[in-house]
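Written below as structure tokens is the structure these notes are about.
In what follows, every chain begins at residue 1, and chains take the letters A, B, ... in the order their sequences are listed.
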There are 2 protein chains.
Amino acid sequence: MNIGTVSSRSGVPAKTIRYYEDIGLISPQRSTNGYRYFEEKDLHKLAFLGRARTLGFPIEECRKLLALYEDDQRESSKVKSVAEEHLDAIDAKISQLKEMRSTLSHLIGCCAGNELPDCPILENLSNFE
Amino acid sequence: MNIGTVSSRSGVPAKTIRYYEDIGLISPQRSTNGYRYFEEKDLHKLAFLGRARTLGFPIEECRKLLALYEDDQRESSKVKSVAEEHLDAIDAKISQLKEMRSTLSHLIGCCAGNELPDCPILENLSNFE
DNA sequence: TATGCACCTTCCACCGGTGGGAAGGTAAAG
DNA sequence: CTTTACCTTCCCACCGGTGGAAGGTGCATA
């Protein structure tokens, strides 16, 4: 099948598929006219990648996961440790965002939000040292 | 003062300060030798920007906030609405991350993490349609 | 057969927000 | 006078794509 078909079937945009080929995540064959030709296996790999990206795995971790996926001899501990590292990264991001959220919502609660210039939000931001 | 001084006093890296000048967030003067020359006011603006970035405001919102900060006639409602929009964006990111976190930690819990190839994490990722 | 349209190709540029480093000018200290 | 610590501009790289231009291909329709 051509890139358009595999794109709509996998949910991965055609541009992204070409990019994944560029960085060596997939290597589809070529038809005589130069068009990329995808087999069922490529489709599954792309769907796998799409799903892994949805879970927030960065590209390089997707590459590792894909290699493990393709390897019948893998040890599930390898997969698990990749996933656990990513979970830690997610947790770090969440707590950073929560910290921002907490400060910001406090400031918002302090701000009258009227036609006057006084504003605790700006005061906080300009609070120097 | 020169860029090094204003950098260490504001906590904003010199590289970032030059970038902020490029995109028009600040416009320091120049000494006769071509060095950027920063006044106290620039220092405060940079500290303001650094603090706003810490709270996760994207550059364009920082620009708006800086304009409001500089405007004596501002209405605090304007500031508040910028902050509220950003809070919504933060909340959206948090809930997206929490969703990832939830799926991922469930899968991790299901994975034996041993020397065998069977892995619910990979199974889930390869689950096509 | 000609035309149009949808699809495909490559290439280049851009996003945010820096970071790294090269190549060169300048100021101050030893 | 030399060293070193700054400063300057410039360009490349990162992540994970996205947008668009310019041009080739395949198929249906008039």
Side-chain angles (χ1 to χ4, degrees), chain A residues 1-38 42 45-46 48-66 85-86 89-90 92-93 96-97 100, chain B residues 1-39 42-43 45-66 85-86 89-90 93 96-97 100:
Chain A
M1 71 199 103
N2 284 343
I3 200 167
T5 309
V6 80
S7 167
S8 65
R9 286 187 63 192
S10 67
V12 179
K15 282 265 178 184
T16 304
I17 295 174
R18 295 194 191 100
Y19 173 67
Y20 287 172
E21 185 187 13
D22 274 359
I23 63 172
L25 280 180
I26 49 162
S27 15
Q29 295 178 289
R30 296 285 175 145
S31 304
T32 47
N33 59 10
Y35 288 16
R36 287 170 185 80
Y37 182 77
F38 299 84
D42 299 308
K45 283 170 89 167
L46 283 169
F48 181 96
L49 288 168
R51 181 104 181 89
R53 295 286 303 128
T54 301
L55 286 180
F57 284 98
I59 294 282
E60 286 316 305
E61 306 205 5
C62 289
R63 197 190 298 274
K64 289 183 201 163
L65 291 173
L66 202 53
E85 270 180 46
H86 180 47
I90 288 177
K93 275 187 198 159
Q96 193 192 3
L97 285 168
M100 288 178 185
Chain B
M1 71 199 103
N2 284 343
I3 199 167
T5 309
V6 80
S7 167
S8 64
R9 287 187 61 192
S10 66
V12 179
K15 282 265 179 186
T16 305
I17 295 174
R18 296 193 190 98
Y19 172 68
Y20 287 174
E21 184 186 16
D22 274 359
I23 62 171
L25 280 181
I26 50 160
S27 12
Q29 295 176 290
R30 295 285 174 146
S31 304
T32 47
N33 59 11
Y35 287 16
R36 287 169 186 81
Y37 182 77
F38 299 84
E39 313 210 10
D42 299 309
L43 174 59
K45 283 169 88 168
L46 283 168
F48 181 96
L49 288 169
R51 181 105 181 90
R53 295 286 303 129
T54 301
L55 287 180
F57 284 99
I59 294 283
E60 286 316 304
E61 304 203 9
C62 289
R63 198 190 296 275
K64 289 183 200 162
L65 290 173
L66 202 53
E85 270 179 48
H86 180 47
I90 287 177
K93 274 185 199 161
Q96 194 192 0
L97 285 168
M100 289 177 185

Does D:dG16 have its OP1 or OP2 closer than 4.0 Å to a side-chain nitrogen or oxygen of A:Arg63? no

Residues in side chain to side chain contact (heavy atoms under 4.5 Å, CB included) contact with A:Ser8, at least two apart in sequence or another chain: none

Return the value, rounded to whole Å, for the distance between atom CD1 of A:Ile3 and atom P of D:dT25. 17 Å

Closest non-hydrogen atom pair, A:Leu97 against B:Ile90: O-CG2, 3.8 Å

Any pair with a residue in residues 24-34 of chain A that passes salt bridge (charged side-chain N to carboxylate O under 4.0 Å, His left out), sequence neighbours left out, goes on the list, sorted by first then second residue, please. A:Glu21-A:Arg30

Detail all sub-3.5 Å separations between protein N/O atoms and N/O atoms belonging to nucleotides 17-21 of chain D.
unit_1, atom_1, unit_2, atom_2, d
D:dG17, OP2, A:Tyr20, OH, 2.9
D:dG17, OP2, A:Arg53, NE, 2.5
D:dG17, OP2, A:Arg53, NH2, 3.2
D:dT18, OP2, A:Thr16, OG1, 2.8
D:dG19, N7, A:Lys15, NZ, 2.9
D:dG19, O6, A:Lys15, NZ, 3.1
D:dG20, N7, A:Lys15, NZ, 3.4
D:dG20, O6, A:Lys15, NZ, 2.3

Once you round it to whole Å, what is the distance between C1' of C:dC8 and CZ of A:Phe38? 11 Å

Output all residues satisfying ring pair (Phe, Tyr, Trp, His ring centres under 6.0 Å) with B:Phe38, sequence neighbours left out; order by chain, then residue number. none

Five pairs at each end of the helix from C:dT1-D:dA30 to C:dG30-D:dC1: take the axis at both ends and give me the angle between them to 10°. 30°

Which residues, if any, of residues 21-29 of chain A bring a heavy atom under 4.0 Å of DNA chain D? none

Qualifying residues under ring pair (Phe, Tyr, Trp, His ring centres under 6.0 Å), relative to A:Phe57, sequence neighbours excluded: A:His86

How long is the line joining CD of B:Glu61 and P of C:dG16, in whole Å? 12 Å

With B:Gln29 via side chain to side chain contact (heavy atoms under 4.5 Å, CB included) - residues at least two apart: B:Tyr37, B:Glu39

Rounded to whole Å, how long is the line connecting atom CD of A:Glu60 with atom C1' of D:dA13? 14 Å

Can you list every salt bridge (charged side-chain N to carboxylate O under 4.0 Å, His left out) pair that touches residues 49-59 of chain B, not counting sequence neighbours? none

A:Arg36 near the nucleic acid: base, sugar-phosphate alone, or nothing, with a heavy-atom cut-off under 4.0 Å? sugar-phosphate

For B:Met1 and D:dC6, what is the distance between atoms CE and P respectively, to the nearest whole Å? 16 Å

Euclidean distance, atom CZ of residue B:Arg18 to atom C1' of D:dT8 [Å, nearest integer]: 7 Å

Every protein N/O within reach of nucleotides 27-29 of chain C N/O, cut-off under 3.5 Å:
unit_1, atom_1, unit_2, atom_2, d
C:dA27, OP1, B:Asn33, ND2, 3.3

Using the ring pair (Phe, Tyr, Trp, His ring centres under 6.0 Å) criterion, which residues pair with B:Tyr35? Sequence neighbours excluded. none

Please walk me through it: do A:Val12 and A:Leu49 pass side-chain contact (heavy atoms from CB on, under 4.5 Å)? CA-CA 9 Å; A:Val12 179; A:Leu49 288 168; 5.7 Å; no

Is it true that B:Lys64 and B:Glu61 have a side-chain N and a carboxylate O under 4.0 angstrom from each other? no

Take atom CG of A:Leu49 and atom P of D:dG16, then tell me their distance rounded to the nearest Å. 12 Å

Mind calculating the distance between CG (B:Asn2) and P (D:dT8) to the nearest angstrom? 7 Å

Which heavy atom in A:Ser7 sits nearest to a heavy atom in A:Ala14, and how many Å separate them? OG-N, 3.5 Å

Would you confirm whether B:Arg36, through its side chain, and B:Arg18, through its main-chain N or O, come within 3.5 Å as a donor-acceptor pair? no

